[in-house]
Amino acid sequence: MPEYRKIRCLVIDDELPAREILKKHISRVEALEPSGDCSNAVEALSFLKDKRVDLLFLDIQMPHLLGTDFIRTLKNPPNIIFTTAFRKYAVEGFELDAVDFLLKPISFERFLKAVNKVLQLNLQGNYDGVPPPANHTESVPPFLYFRADRKMVKVLFNDILYIEGLNDYIKIITPAKTIITKHLLASLEEMLPRHEFVRIHKSFIIAINKIESFNADSVEIGKKEIPVGRSFKLNLTKILNSSAASQALSPGNTHSFRNNDAG
């Protein structure tokens, strides 16, 4: 597997405990690299003159200059995750194209969700903080992180067979293991690349290239028969009939869904 350049992070917050928490969170994520921390916007401006970073964890309510005003002083700001104790700044933060907005105190689970959004910007080619890769070793990491069994687990997209929604939890099935984590299926659906994954039921998302066979009511992946919901059949049919899906499936498996099914 190729090596990927890590996302360089700068923490800007006037409160030392808040900086320490964020630095601890950053250190726990393999894809992130701590570049430094600053206690105010003036320090940050000086830091950014000499060093390039990819992602700012930026407090809004700071002395001398608000974080939102600080961003407006930057010609080409990196991606931003705002951190604050005040919900009232959320609208302004998103108007500045922030990736996410974290309310203090910031749990690791919520931090991880924001980081996964940044990883997805990478995958979509919208990550302005990182210059175009010169070679494959600096390409985008095709994975997400999930909190499970009191630790952070990296899940490669290519390893996922399917994902099952269980109310407020999801079950991620890979050939090697099953990961259960607190996450909404709909939220995860937005984070997965659409050309690789498709929702086929209110409770299931599948990896398109892992489909082994299918009929009018279900698909089979890894000896698991997964139902196809009525409202999802048309979209799945279009995908399976596309040229990309046709290459992923054997010639005898391409036929359309029809008729009655619940889900």
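Everything quoted here is computed from the prediction, not taken from an experiment.
- The main-chain N or O of E43 is never found under 3.5 Å from a side-chain atom of S46 such that the two would form a donor-acceptor pair.
- Considering only heavy atoms from C-beta on, Y162 stays 4.5 Å or farther from I172 through its side chain.
- Using a 4.5 Å heavy-atom cutoff, the side chains of L236 and V198 are in contact.
- In summary, D100 and R110 engage in a salt bridge, as defined by a charged side-chain N under 4.0 Å from a carboxylate O.
- No donor-acceptor distance shorter than 3.5 angstrom exists from the side chain of K224 to the backbone of I173, with no hydrogens or angles considered.
- Using a 4.5 Å cut-off between side-chain heavy atoms of Ile, Leu, Val, Met, Phe, Trp and Tyr, with links allowed through other members, V118 and L102 fall into the same hydrophobic cluster.
- Of the possible polar contacts, one joining the H25 side chain to the I106 backbone as a donor-acceptor pair under 3.5 Å is found.
- Shortest non-hydrogen contact noted between S218 and E225 is OG-CG, 3.4 Å.
- Residues D14 and N40 fail the side-chain proximity criterion, which asks for heavy atoms closer than 4.5 Å.
- By the rule that hydrophobic residues join a cluster once side-chain heavy atoms approach within less than 4.5 Å of another member, L74 and F47 end up as members of one cluster.
- The cationic atom of R199 (NZ for Lys, CZ for Arg) does not lie both less than 6.0 Å from the six-membered ring centre of F204 and within 45° of the ring axis.
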For this session: Evaluate the criterion side-chain contact (heavy atoms from CB on, under 4.5 Å) for residue pair K117 and V115; output intermediate values, then yes/no.
Result: CA-CA 5 Å; K117 289 183 180 180; V115 169; over 6 Å; no
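- Contact of the I226 side chain with the F214 side chain is not registered, since no non-hydrogen atoms from C-beta on lie closer than 4.5 Å.
- Here the shortest heavy-atom pairing between P78 and D54 reads CB-O, 3.4 Å.
- Residues V99 and A114 share a closest heavy-atom pair of CG1-O, 4.3 Å.
- Taking a cutoff of 4.0 Å between a charged side-chain nitrogen and a carboxylate oxygen, K104 and D13 qualify as a salt bridge.
- Checked by atom type and distance alone, the side chain of E189 never pairs as donor or acceptor with a backbone atom of I205 at under 3.5 Å.
- Considering CG of L192 and CD1 of I160, their distance stands at 6.0 Å, rounded to 0.5 Å.
- Looking at V155 and V153, their side chains come closer than 4.5 Å, going by heavy atoms from C-beta outward.
- Hydrophobic clustering, with ILVMFWY side chains joined whenever heavy atoms are under 4.5 angstrom apart, keeps V11 apart from I21.
- Between F157 and F197, the ring-plane angle classifies as perpendicular under the 30° and 60° cut-offs.
- In this structure, the separation between CG on L48 and NZ on K75 is 15.0 Å, given to the nearest 0.5 Å.
- Here the straight-line distance linking atom OG of S39 with atom CE of M62 works out to 9.0 Å at 0.5 Å rounding.
- Atoms CD1 and CD1, from I71 and I80 in turn, are 3.5 Å apart once rounded to the nearest 0.5 Å.
- Of all non-hydrogen atoms in K113 and M191, the two that sit nearest each other are O-CE, 4.2 Å.
- Side chain of R8 to backbone of E33: no donor-acceptor contact under 3.5 angstrom is found.
- In this structure, K6 contributes its side chain and P34 its backbone to no donor-acceptor pair below 3.5 Å.
- Formation of a donor-acceptor pair under 3.5 Å by the T84 side chain with backbone atoms of D59 is not found in this model.
- At a threshold of 4.5 Å between non-hydrogen side-chain atoms, the residues F111 and I26 count as touching.
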For this session: Run the numbers on I170 and I180 for side-chain contact (heavy atoms from CB on, under 4.5 Å), then give the verdict.
Result: CA-CA 6 Å; I170 57 171; I180 299 176; over 6 Å; no
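- Atoms OG and CD1, on S231 and I200 in that order, are 11.0 Å from each other to the nearest 0.5 Å.
- Note that the CD1 atom of I12 and the CZ atom of F57 stand 11.0 Å from one another [nearest 0.5 Å].
- Cluster annotation: F108 is connected to I81 through the hydrophobic network of ILVMFWY side chains, with a link wherever side-chain heavy atoms come within less than 4.5 Å.
- Using a 4.5 Å heavy-atom threshold, the side chains of L188 and L144 count as touching.
- Side-chain heavy atoms closer than 4.5 Å link hydrophobic residues (I, L, V, M, F, W, Y) into clusters, and following such links, even through other members, never connects L184 to Y145.
- Inter-residue side-chain proximity for T83 and L58 is flagged as unmet; no heavy-atom pair is nearer than 4.5 Å.
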For this session: Determine, stepwise, if the pair K210 / N158 fulfils side-chain contact (heavy atoms from CB on, under 4.5 Å).
Result: CA-CA 9 Å; K210 299 296 195 300; N158 193 48; 3.8 Å; yes
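- A salt bridge is absent between E109 and K182: the closest approach of a Lys/Arg side-chain nitrogen to an acidic carboxylate oxygen does not fall below 4.0 angstrom.
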